[in-house]
Q: 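To start, I am sharing the structure in question, which I have written as C-alpha coordinates.
All figures in this text were calculated on a predicted structure; none of them were measured in a lab.
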Amino acid sequence: MTLRDFISMGGYGPFVWSCYALTLAVLVWIGLSSRRQLAAELVRARRRAQVSLDRAAAGPDITEK
(Lines give C-alpha, C1' and ligand atoms only; values in the text may rest on other atoms or scores of the structure.)
Protein backbone atom coordinates (compact mmCIF):
# COMPACT_ATOMS: atom_id res chain seq x y z
CA MET A 1 0.00 0.00 0.00
CA THR A 2 1.41 3.36 -1.03
CA LEU A 3 0.68 6.79 0.33
CA ARG A 4 -1.32 7.55 -2.80
CA ASP A 5 -3.53 4.51 -2.15
CA PHE A 6 -4.03 5.59 1.44
CA ILE A 7 -5.00 9.12 0.44
CA SER A 8 -7.39 7.98 -2.30
CA MET A 9 -9.03 5.41 0.05
CA GLY A 10 -10.42 3.35 -2.76
CA GLY A 11 -12.03 6.36 -4.46
CA TYR A 12 -13.65 7.71 -1.30
CA GLY A 13 -10.70 9.93 -0.40
CA PRO A 14 -12.24 13.31 -1.28
CA PHE A 15 -15.32 12.57 0.84
CA VAL A 16 -13.35 11.18 3.79
CA TRP A 17 -10.71 13.91 3.85
CA SER A 18 -13.28 16.69 3.49
CA CYS A 19 -15.14 15.22 6.47
CA TYR A 20 -11.93 15.19 8.48
CA ALA A 21 -11.21 18.80 7.49
CA LEU A 22 -14.71 19.95 8.40
CA THR A 23 -14.55 18.16 11.76
CA LEU A 24 -11.18 19.72 12.53
CA ALA A 25 -12.45 23.17 11.59
CA VAL A 26 -15.49 22.80 13.86
CA LEU A 27 -13.37 21.59 16.78
CA VAL A 28 -10.95 24.50 16.38
CA TRP A 29 -13.84 26.97 16.17
CA ILE A 30 -15.47 25.52 19.31
CA GLY A 31 -12.18 25.68 21.19
CA LEU A 32 -11.50 29.30 20.24
CA SER A 33 -15.08 30.33 20.94
CA SER A 34 -15.02 28.65 24.34
CA ARG A 35 -11.77 30.36 25.32
CA ARG A 36 -13.15 33.75 24.28
CA GLN A 37 -16.38 33.17 26.20
CA LEU A 38 -14.46 32.02 29.29
CA ALA A 39 -12.33 35.16 29.22
CA ALA A 40 -15.45 37.34 28.97
CA GLU A 41 -17.12 35.51 31.85
CA LEU A 42 -14.02 35.90 34.02
CA VAL A 43 -14.05 39.66 33.37
CA ARG A 44 -17.74 39.83 34.32
CA ALA A 45 -17.15 37.80 37.49
CA ARG A 46 -14.25 40.04 38.53
CA ARG A 47 -16.40 43.13 37.99
CA ARG A 48 -19.24 41.66 40.06
CA ALA A 49 -16.81 40.74 42.83
CA GLN A 50 -15.31 44.23 42.81
CA VAL A 51 -18.77 45.83 43.01
CA SER A 52 -19.61 43.59 45.96
CA LEU A 53 -16.39 44.53 47.72
CA ASP A 54 -16.98 48.21 47.07
CA ARG A 55 -20.50 48.01 48.49
CA ALA A 56 -19.30 46.11 51.55
CA ALA A 57 -16.54 48.66 52.15
CA ALA A 58 -19.00 51.55 51.84
CA GLY A 59 -21.01 50.25 54.79
CA PRO A 60 -24.75 50.04 55.21
CA ASP A 61 -26.98 52.46 53.37
CA ILE A 62 -28.88 54.39 56.03
CA THR A 63 -31.41 55.75 53.52
CA GLU A 64 -32.86 52.27 52.90
CA LYS A 65 -35.69 51.06 55.11
Q: To the nearest 0.5 angstrom, please state how far the CZ atom of R48 sits from the CD atom of E41.
A: 7.0 Å
Q: Check whether S8 reaches the backbone of G11 with its side chain - one donor and one acceptor, N or O, closer than 3.5 Å.
A: no
Q: Measuring from atom OG of S34 to atom CG of L38, what distance do you get when rounded to the nearest 0.5 angstrom?
A: 8.5 Å
Q: Would you kindly confirm whether I30 and L24 end up in one hydrophobic cluster when ILVMFWY residues are joined by side chain heavy atoms under 4.5 Å apart?
A: no
Q: Report the distance from atom CD of Q37 to atom CG of L42, rounding to the nearest 0.5 Å.
A: 11.0 Å
Q: If two hydrophobic side chains count as joined below 4.5 Å and joins carry through other members, does F6 share a cluster with Y12?
A: yes
Q: Roughly how far, to the nearest 0.5 Å, is CE of M9 from CZ of F15?
A: 11.5 Å
Q: I'd like to know if the side chain of S33 and the backbone of W29 have a donor-acceptor N/O pair within less than 3.5 Å.
A: no
